[in-house]
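Structure record follows, encoded as structure tokens.
In this text, all values refer to a predicted model and were calculated from it rather than measured experimentally.
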Amino acid sequence: MNYEDRDTYGMYKDHGTSEPGPDQRRGPGPEMMGANTLVGNSVYNHQDEDLGDIKEIMLDLRNGTVAYAVLSFGGFLGMGEKLFAVPWHALTLDTLNKRFVLKVEKARLEHAPGFDKGHWPNMADQSWAREIHSYYGTQPH
């Protein structure tokens, strides 16, 4: 399921206008998107390998930004799956395929710092954040 399928408010609906301008676009995306429509979206890498899907979006309430997407990878029917906090800036939206792209090899993701659903890390801890950003080659904002 992708963000268009989760669009309960019609924000990505094609309004059918042929006039040029903002009304021709399909809602506020892709520059501005509803968080609920992004949870569950698939994440692939540049080799077109399925890396999992977004389970949660973590907001940094101190500065009003999206900090991480929690990616689920591996397992079967929720058993044995591993969760990863991926810095939001490490993801790009592929509007053609309606999914996210993460520039990481599948084998590298298998060895990334992760956690299980019963043992979430303290994502506000600055040393934890530096480790995660270093692993994915991003800078904290």
> Got a sec, which pairs hit salt bridge (charged side-chain N to carboxylate O under 4.0 Å, His left out) with one end in residues 44-53, sequence neighbours left out?
Replying inline: D48-R99, D53-K55

> Under the side-chain contact (heavy atoms from CB on, under 4.5 Å) criterion, do V43 and I54 qualify, and how do the steps go?
Replying inline: CA-CA 7 Å; V43 178; I54 295 175; 3.8 Å; yes

> Once the angle between the rings of W128 and Y68 is folded into 0 to 90°, is it parallel (under 30°), tilted (30 to 60°) or perpendicular (over 60°)?
Replying inline: perpendicular

> T138 and H89: side-chain donor and acceptor closer than 3.5 Å?
Replying inline: no

> Just how far is it from atom CG of L71 to atom CD of E56, taken to the nearest 0.5 Å?
Replying inline: 13.0 Å

>> I need the S72 OG to L51 CG distance, nearest 0.5 Å.
In response: 11.5 Å

> Considering residues, nucleotides and ligands other than K103, do more than 12 of their heavy atoms fall under 6.0 Å from its NZ?
Replying inline: no

> Are side-chain heavy atoms of K106 and F73 found at a separation under 4.5 Å?
Replying inline: yes

> Quick one: CZ on F115 to CG on L83, what's the gap to the nearest 0.5 Å?
Replying inline: 5.0 Å

>> How close do D60 and A67 get, counting heavy atoms only, and between which atoms?
In response: CB-CB, 4.2 Å

> Which heavy-atom pair separates Y136 from P87 by the least distance, and what is that distance?
Replying inline: CD1-CD, 3.4 Å

> Distance-only, no hydrogens or angles: does the N45 side chain make a donor-acceptor pair with backbone N or O of V104 under 3.5 Å?
Replying inline: yes

> Y135 ring centre to R130 NZ or CZ under 6.0 Å, with the angle to the axis within 45°?
Replying inline: no

>> Minimum heavy-atom separation for I57 and A35, please, with both atom names.
In response: CD1-O, 3.7 Å

> Looking at N97 and D94, what are the two nearest heavy atoms and their distance?
Replying inline: ND2-OD2, 2.7 Å

>> Is there a continuous path of hydrophobic side-chain contacts, each under 4.5 Å between heavy atoms, that joins M58 to W88?
In response: yes

> Is it the case that more than 12 heavy atoms not belonging to N36 sit under 6.0 Å from its CG atom?
Replying inline: no

> Taking all non-hydrogen atoms of both residues, which atom of L102 and which atom of A90 are closest, and how far apart?
Replying inline: CD1-O, 3.5 Å

> So with a 6.0 Å cut-off around CD of Q139, is the heavy-atom count from everything else above 12?
Replying inline: no

>> Can a donor-acceptor pair be found, under 3.5 Å and without considering hydrogens, that links the side chain of K117 to the backbone of K82?
In response: no

> Quick one: which of N41, V86, V101 gives a side chain to side chain contact (heavy atoms under 4.5 Å, CB included) with L91?
Replying inline: V86

